[in-house]
Amino acid sequence: MTRLIFAAATALLLAAAPVLAQTTPPQAPKVQTPAADPAPGSQEWLRLRGESYSAAPDSEQDPAEVAATIRLNAEIVARNDAAERAEIEGTAAWEAENARWRAETARLETQRAQWEADAAAAEAARLRYERERAAWEAEVAACQRSGRPCLTAAPKY
């Protein structure tokens with residue numbers, strides 16, 4: 001019977017182990033004071049956000065690491081400056097191309113409008129010609145039916 005109790009207790013502890021491992025101990029609630037918030041980046045500001053980083057004093061810094069950091073930071077700044085210049089140049093090129101495209105589009109729209117006006121004028125002239133030609137042909141036919149001499153001239157264009 002003792003073995004059975006011991007085995008049951010062991011099984012129960014093994015089954016409960018993952019649950020017990022995942023439980024966090026209760027923590028005191030964070031109380032915010034009504035005072036002004038600390039300045040962003042300050043030690044207090046970092047502490048309130050759970051950060052615990054603090055730089056070592058300059059006397060404890062490794063000169064080689066400091067030099068490498070300075071060099072890397074300078075490279076980053078140079079890349080950022082080059083990227084900013086490239087972006088400015090790209091934006092300027094795009095704006096110039098966009099202006100050229102808009103001017104070309106406006107020119108083509110003007111040309112299309114002129115073509116439509118010319119086509120409408122040509123159509124109006126063709127219709128006027130056909131009306132005048134039909135009127136002249138009717139006049140010649142009437143004259144020929146009357147039997148008198150016809151001196152009507154064809155319309156001139």
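- Around atom CZ of R107, more than 12 heavy atoms belonging to other residues, nucleotides or ligands sit under 6.0 Å away.
- Residue S42 comes nearest to P38 through the heavy atom pair OG-CB, 3.8 Å, listed as atom of the first residue, atom of the second, then distance.
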Please walk me through it: do Q114 and Q111 pass side chain to side chain contact (heavy atoms under 4.5 Å, CB included)? CA-CA 5 Å; Q114 183 62 49; Q111 192 176 20; 5.7 Å; no
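- Environment of CZ in R126: crowded, with over 12 heavy atoms of neighbouring residues, nucleotides or ligands closer than 6.0 Å.
- Under the 4.0 Å criterion applied to side-chain N and carboxylate O atoms, E137 and R133 are assigned as salt-bridge partners.
- Using a cutoff of 4.0 Å between basic side-chain nitrogens and carboxylate oxygens, E104 and R100 are not scored as salt-bridged.
- Rounding to the nearest 0.5 angstrom, the gap separating the OG1 atom in T105 from the CZ atom in R112 is 11.5 Å.
- In the displayed structure, E116 atom CD is contacted under 6.0 Å by more than 12 heavy atoms of other residues, nucleotides or ligands.
- For the atom pair T69 OG1 and I76 CD1, the distance stands at 9.5 Å (nearest 0.5 Å).
- With rounding to the nearest 0.5 angstrom, the CZ atom of R79 is 11.5 Å from the CG atom of D81.
- Side-chain N/O atoms of N80 and E84 include no donor and acceptor closer than 3.5 Å.
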